[in-house]
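A, B, ... follow the sequence lines: proteins, then strands. Residue 1 opens every chain.
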Amino acid sequence: DTAVSQTPKYLVTQMGNDKSIKCEQNLGHDTMYWYKQDSKKFLKIMFSYNNKELIINETVPNRFSPKSPDKAHLNLHINSLELGDSAVYFCASSPGTAVNEKLFFGSGTQLSVL
Amino acid sequence: AQSVTQPDIHITVSEGASLELRCNYSYGATPYLFWYVQSPGQGLQLLLKYFSGDTLVQGIKGFEAEFKRSQSSFNLRKPSVHWSDAAEYFCAVAPNSGGYQKVTFGIGTKLQVIP
């Protein structure tokens, strides 16, 4: 069973469209994250939720809106997609919020904006 | 603010040879240090981490890393590389408090293993 699963794996879309990426974890963790990995492999945190509450929002454009319907799910909705949004987006989870908690990553969603 | 440098973008080693991947960090105190591995098409997986205590840390898959405060380094090593070790390796640094918004990842070292 996949611990952290995200869908879709690949997403190709036109500029200006709205798209969503879904993430689910079956580890019973309280904390979930979205990371963005750009073309240079630079990995940066975008959001974190703890028990459905937003705790980290790292100066991400407000076109990006995370939603956590329950603590096992953290979805990412992106409005008005731009070329610069092309990247690999990783969902992750951890038992708690402290930096010494182990992160478990999903396999990524490769978003290509044309 | 902390930073992390992985000087080698790409490394090629022969199967069975030893491996050392370099990581240097910049931080005013003793940080938390991590090594992650990313196989093609997969998310990152934690190999090992250093928080305090013994400066030689053992991880999964036969990897180890040594924290050297005097050199601000946390190099990853493996005595004998297997073809399945071909992947991208990321070093990360964080202050010893706070949450994951304070974790800084390096840009990775891509390891190629040749027969």
- Counting heavy atoms not belonging to A:Glu53, are there more than 12 under 6.0 Å from its CD?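 For A:Glu53, atom CD is not crowded (no more than 12 foreign heavy atoms under 6.0 Å).
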- Answer yes or no: are there more than 12 heavy-atom neighbours, outside A:Lys52 itself, under 6.0 Å from its atom NZ?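 No, not enclosed.
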- Which residues, numbered in order, of residues 104-113 of chain A come under 4.5 angstrom of chain B by heavy-atom distance?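 The residues closer than 4.5 Å to chain B, in numerical order, are A:Phe105, A:Gly106, A:Ser107.
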- If contact means a heavy atom pair closer than 4.5 Å, which residues of residues 60-93 of chain B contact chain A?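 So the qualifying residues are B:Glu88, B:Phe90.
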Connected via hydrophobic side-chain network under 4.5 Å: [X] and [Y]:
X: A:Phe47; Y: A:Tyr33; result: no
X: A:Phe42; Y: A:Ile45; result: no
X: B:Val113; Y: B:Trp35; result: yes
X: B:Val4; Y: B:Val103; result: no
X: A:Val60; Y: A:Ile78; result: yes

- Side chain, backbone, both or neither: which part of A:Lys44 has an atom under 4.5 Å from a heavy atom of chain B?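 For A:Lys44, there is no contact with chain B at all, as no heavy atom is under 4.5 Å.
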- Message: If I compare all heavy atoms of B:Leu46 with all of A:Lys102, which pair ends up nearest, and what's the gap?
- Response: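 Nearest pair, atom of B:Leu46 first, then A:Lys102: CD2-CG, 3.7 Å.
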- Message: Any non-hydrogen side-chain atom of A:Phe90 less than 4.5 Å from a side-chain atom of B:Gln42?
- Response: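 No, side chains not in contact.
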- Message: Quick check for you: to the nearest 0.5 Å, what is the distance between B:Leu44 atom CG and A:Gln37 atom CD?
- Response: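 That separation rounds to 6.5 Å.
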- Message: Rounded to the nearest 0.5 Å, what separates atom OH in B:Tyr36 from atom CG in A:Leu43?
- Response: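 So the gap between those two atoms works out to 9.5 Å.
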